[in-house]
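A quick write-up on the structure given underneath.
Side chains are part of it too, since the values below use all heavy atoms of this structure and drop only hydrogens, waters and symmetry mates. Residue numbers start at 1 and run along the sequence shown.
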Amino acid sequence: MKGLIRNNFYSMENNIKISFILALFTAIVSFFVKHDAFIQMIIAMQLCIFIVNVGTSLHADVVSKWNKFELTLPVKYNDVIKAKYISFSMLILFGIFMGSITVIYAYVTSVFSNVQSIFYGYEFGLTLSATTAGIMYPLMLKIGTEKNEMIIILSAIAAVGLQVLLSAVLTPLTGEMNMKHPLVGTVSAAAALAIFVCSYFVSVKIYRHKEFY
């Protein structure tokens, strides 16, 4: 299992470094633009910026023929997929860590006037990253990585659509269609995590029946 996880990160190593640089750059930018909405956007972006590396990892596996070789290892199909999802979870945690740098700065310098705005940044970022990964991986596993950029974009659009849909459904409880309402953010994040977990079982089923050429 550890070897599988290490291989996932080896295939994303350069891209993860770039993601850290970009996340740090956005944190530095927040030093100069002191506004609640901007801080929210930065935190959400920092949570999402790492998950796009999923496409890189899968494409690297195809190019290197690793996806064929791993079938010969003394591991179960479940373990192969589980290693992928553990890697995805770690990418999201990287984003949370980088978002925390922005939060700490915002707290120390008191650049935000509403603590809820910080929570919304995390909730929105978690909704985007977990939903995107949960939709993206099974799709790429099923149809291949040749159009991974398009799949990533469509997955991100679906993630945003999820929050829009939930904000509409929860209108009777929130009083209006408000994506930034605390209830909408909490329910969206919970739904995204549920999609992520369900995605694991879907991916296991696809992997069991997939033919690697």
Side-chain angles (χ1 to χ4, degrees), residues 12 15-56 85 87-137 149 151-170 174 176-197 199:
M12 298 184 288
N15 292 69
I16 289 177
K17 290 178 181 178
I18 294 174
S19 296
F20 270 112
I21 293 173
L22 291 175
L24 183 60
F25 174 75
T26 57
I28 294 173
V29 171
S30 70
F31 297 174
F32 304 99
V33 185
K34 302 179 179 181
H35 191 278
D36 285 4
F38 191 76
I39 298 297
Q40 290 175 359
M41 182 178 68
I42 285 179
I43 294 173
M45 186 184 303
Q46 288 171 325
L47 262 71
C48 298
I49 202 170
F50 290 90
I51 208 66
V52 296
N53 293 303
V54 171
T56 302
Y85 278 81
S87 301
F88 302 160
S89 299
M90 292 176 67
L91 290 175
I92 295 175
L93 289 176
F94 289 161
I96 293 174
F97 171 75
M98 294 305 296
S100 298
I101 295 177
T102 302
V103 171
I104 292 172
Y105 168 76
Y107 177 78
V108 171
T109 58
S110 300
V111 301
F112 61 90
S113 57
N114 184 3
V115 176
Q116 182 56 44
S117 65
I118 298 299
F119 286 114
Y120 176 75
Y122 275 111
E123 290 167 345
F124 186 53
L126 182 59
T127 299
L128 284 177
S129 56
T131 305
T132 300
I135 295 175
M136 183 193 336
Y137 181 62
E149 294 87 357
I151 294 175
I152 291 173
I153 293 173
L154 292 176
S155 300
I157 292 174
V160 175
L162 171 67
Q163 190 156 21
V164 172
L165 175 63
L166 289 174
S167 65
V169 172
L170 295 172
T174 59
E176 60 179 348
M177 187 173 172
N178 181 7
M179 290 179 61
K180 292 189 177 183
H181 192 282
L183 179 61
V184 174
T186 301
V187 173
S188 297
L193 291 175
I195 289 173
F196 186 76
V197 172
S199 171

Starting at CE of Met179, measure out to CD of Glu123 and round the result to the nearest 0.5 Å.
11.5 Å
Name every donor-acceptor pair, under 3.5 Å, that has one atom in a side chain of residues 155-167 and the other anywhere in the protein, sequence neighbours excluded.
residue: Ser155; atom: OG; partner: Ile151; partner atom: O; Å: 2.7
residue: Ser167; atom: OG; partner: Gln163; partner atom: O; Å: 3.3
residue: Ser167; atom: OG; partner: Val164; partner atom: O; Å: 2.6

Return the CD1 to OG1 distance between Ile195 and Thr132, rounded to the nearest 0.5 Å.
9.5 Å
Minimum heavy-atom distance between Ser199 and Gly134, given as atom pair plus value
OG-O, 2.6 Å
What closest approach, in Å, do Ala133 and Phe196 show between heavy atoms, and which atom pair accounts for it?
CB-CE1, 3.9 Å
Who passes side-chain contact (heavy atoms from CB on, under 4.5 Å) against Ala189, sequence neighbours left out?
Leu126, Thr127
Inter- and intrachain pairs under salt bridge (charged side-chain N to carboxylate O under 4.0 Å, His left out), touching residues 126-137, at least two apart
none
Calculate, to the nearest 0.5 Å, the distance between atoms OG and CZ belonging to Ser129 and Phe88 respectively.
12.5 Å
Using distance only, find each side-chain donor-acceptor pair of residues 90-104 under 3.5 Å and give its atom names and separation, not counting sequence neighbours.
residue: Ser100; atom: OG; partner: Ile96; partner atom: O; Å: 2.9
residue: Ser100; atom: OG; partner: Tyr122; partner atom: OH; Å: 3.2
residue: Thr102; atom: OG1; partner: Gln46; partner atom: OE1; Å: 3.0
residue: Thr102; atom: OG1; partner: Gln46; partner atom: NE2; Å: 3.1

I'd like to know if the side chain of Tyr137 and the backbone of Tyr85 have a donor-acceptor N/O pair within less than 3.5 Å.
no
List the steps, then state whether side-chain contact (heavy atoms from CB on, under 4.5 Å) holds for Phe124 with Met41.
CA-CA 9 Å; Phe124 186 53; Met41 182 178 68; over 6 Å; no
With sequence neighbours left out, write down each residue that passes side-chain contact (heavy atoms from CB on, under 4.5 Å) with Thr174, or none if nothing qualifies.
Leu170, His181, Leu183, Val184
In this structure, OG of Ser89 is separated from CD1 of Ile51 (nearest 0.5 Å) by 8.0 Å
How many angstroms lie between OG1 in Thr26 and CD1 in Ile42, if you round to the nearest 0.5 Å?
5.5 Å
With rounding to the nearest 0.5 Å, note down the distance linking CD1 in Ile18 to CG in Asn15.
5.5 Å
Output yes when a side-chain donor or acceptor of Ser19 lies under 3.5 Å from a complementary backbone atom of Phe50, and no otherwise.
no
Qualifying salt bridge (charged side-chain N to carboxylate O under 4.0 Å, His left out) pairs with a residue from residues 17-33, counting only residues at least two apart or across chains
Glu13-Lys17
